[in-house]
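Because the structure is a prediction, the values reported are computed rather than measured. In what follows, residues are counted from 1 in the order of the sequence shown.
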Amino acid sequence: DALQRWGNLDIASGTLEGLHDMMRGTTRVRYYNAANPAAPIDPAAGKPVFGLRNGVLRFTKLRIVDLYGQTLQLAGAQIPALCLPENMRSPDPLERGVVLPPRILQSSQVSFRLLAADAADDKTEATKAVGPVCGFLVPDHLDGALEVYDSQGKSLGQVQTALSGRGIEWQGTPGLPGSWGKPPVLQNRHLRGLIEGLLAWGPKDALADRDENQSALAAILRTVDAALWTVDPMGRVGSEHLSVLVGRPLAVVRARVRLTCETPVVATDLARTLLPVRLGLLTRLHDGLMGYFIDDDYSRFYPVHEILAQQTRDGGRHEGFHAAAHTLQGYYDQFPPKPVDHPYLDTSPMLKLRIGQTARLTLLLDPRGGVHATTGALPTKKIELMREHIAKALDAIALTFRVGPVLSDPTTVRMPLPKEIRGQWSWIRRTGVTVWNEAPVVHASQDAMVSKTPSELMEGWLRLTKAFAGQE
């Protein structure tokens, strides 16, 4: 029925063959030259060459030729209205032309590749055996800190708010005597640059009298927390209870993006045009990008989207709403978003590249998701980590939470442990200047018990291991 209706329509259709060739100056059509038959006429000769196609295509003259060679010449108002698909129509009802989306006329592609994390030349691509992961970061909601791990999941320390409440500082890993009180010793240069770039804002924040909710550390923690609401690559795999304590492990990954052409760029407009490249997609649950750093400049963090800085809420110690949003009537009125305003964040995170230009990137992403590179003029490219890059590290990550004072038997530490959070809990405390003690935590039951050993007030850290095992 539909085919019959289409067959009865009085319409003519055709393709615009040679349009792109004409704009590139490479048309293969030649016209007969009556004055000199040996030198056919090139219709593109002497006309401008374009490397980009964008704008509105209007027909000023139209000649229709049927199978018998009969012609119909139309011009101006004689040309009837065109039947166009919705995505090629102009919102202006008076515009009768064809709206053309931006396209690069030469054969081009987005080259988006993962790089080896430890490569010195930034050219060696990652493989199954040579990973792109420089390390891992875990947001600590309880302490308002950022825990740091190497590519194997070994704890290196954390960035936290200074004891004065102004500025940020580095704290070593509890239980490791060699790291306590020392500046960070990070082997990977990109992970080291990221942490040193963040710590460099500590004195600046203190000088500007920014409190712990306005520091560079708070800015990246709140932005990442807002971005994580848009990421769910594995369909809610059981870590919702753990998210009350910490965020998901975020991988620090090396990559590069480059716009390439199959042939040398000869069109001047293409050679000088900066093409926008958006990294990450908030509308895709399987896109895990939180943000990135460009060309090893770790003084400025580019969130995945500019809207995130406007949608963040208070977080950290003694902040936020510690319940489900639906349990409070008028929640969104009583707890509105509080935008982040800090020079550490770039409020217009859009990468702009010319053809042939390369950007070296340090990505911060949920390792279970991928990363999309979108230009609007070329097909979207996606990259993602392999299981071999992250599985062992996620199994090895151990979380620490500062707790105290605690009144407990010093020989057998008993505490109520959350059943919903899987993993193994232990208690770490300092028994001397450089001496540490770690003991397993025994779950405190409802039974009344009197220990023979006098209880003591202690301060220390709870350590949780195997919390992320199997989530790669």
Side-chain angles (χ1 to χ4, degrees), residues 135-160 170-182 185 237-250 317 322 367 390-472:
F136 293 87
L137 304 179
V138 178
D140 184 341
H141 299 326
L142 290 184
D143 296 333
L146 193 63
E147 300 194 36
V148 184
Y149 302 82
D150 66 11
S151 59
Q152 302 304 312
K154 178 184 176 182
S155 178
L156 303 174
Q158 69 178 21
V159 180
Q160 63 180 21
W170 174 263
Q171 175 183 275
T173 303
L176 298 180
S179 66
W180 198 254
K182 293 184 178 180
V185 180
V237 173
S239 62
E240 62 270 16
H241 301 294
L242 183 62
S243 65
V244 176
L245 304 179
V246 296
R248 302 172 192 164
L250 304 176
R317 297 178 296 175
H322 303 286
I390 59 175
K392 292 182 179 179
L394 292 181
D395 288 346
I397 286 179
L399 308 171
T400 55
F401 309 98
R402 187 168 44 188
V403 180
V406 174
L407 183 62
S408 179
D409 183 345
T411 60
T412 303
V413 180
R414 297 180 182 273
M415 295 183 187
L417 300 177
K419 295 181 180 180
E420 298 84 358
I421 298 177
R422 63 180 180 180
Q424 301 172 0
W425 294 89
S426 59
W427 173 254
I428 304 174
R429 63 172 179 146
R430 189 163 47 188
T431 56
V433 177
T434 59
V435 181
W436 294 83
N437 175 262
E438 181 173 0
V441 177
V442 178
H443 179 61
S445 65
Q446 299 294 327
D447 300 332
M449 301 179 64
V450 178
S451 174
K452 296 181 180 179
T453 305
S455 298
E456 295 182 3
L457 277 175
M458 301 180 294
E459 290 188 347
W461 289 261
L462 280 172
R463 170 175 285 176
L464 175 61
T465 58
K466 301 294 183 180
F468 301 106
Q471 292 193 26
E472 69 279 2

CZ (Phe136) and CZ (Arg248) are apart, to the nearest 0.5 Å, by 15.0 Å

| said: Under the criterion side chain to side chain contact (heavy atoms under 4.5 Å, CB included), I'd like the reasoning laid out for Val159 against Trp170: C-alpha separation, chi angles, the key distance, then a yes or no. | reply: CA-CA 5 Å; Val159 180; Trp170 174 263; 3.9 Å; yes

When every non-hydrogen atom of Gly460 is compared with those of Trp427, the smallest separation belongs to N-CH2, 3.4 Å

For Thr400, the side chain to side chain donor-acceptor pair (under 3.5 Å) test, sequence neighbours excluded, returns none

Between Leu399 and Glu147, the two heavy atoms sitting closest are CA-OE1, 4.0 Å

Between the CD1 atom in Ile397 and the CG atom in Leu464, the distance rounded to the nearest 0.5 Å is 11.0 Å

Nearest heavy-atom approach of Pro249 to Pro367 is O-CD, 3.0 Å

Hits for side chain to side chain donor-acceptor pair (under 3.5 Å) against Glu438, two or more places apart or cross-chain, chain-then-number order -> Ser426, Arg463

Rounded to the nearest 0.5 Å, the CE atom of Met458 sits from the CG atom of Leu407 at a distance of 8.0 Å

Discussion item. Please check: side-chain N/O of Tyr149 versus main-chain N/O of Ala398, any donor-acceptor pairing under 3.5 Å?
Written reply: yes

In terms of heavy-atom contacts, Ser151 and Ala393 come closest through O-CB, 3.3 Å

Problem set entry | CA sep, side-chain torsions, deciding dist, call: Gln171, Arg402, side chain to side chain contact (heavy atoms under 4.5 Å, CB included) | CA-CA 12 Å; Gln171 175 183 275; Arg402 187 168 44 188; 4.1 Å; yes

The reported gap from CG in Leu137 to CG in Leu250 (rounded to nearest 0.5 angstrom) is 6.5 Å

Taken to the nearest 0.5 Å, the spacing of Ile428 CD1 from Thr173 OG1 works out to 9.0 Å

Item to check | Check: Leu457 and Val406 side chains under 4.5 Å, non-hydrogen atoms | outcome: no

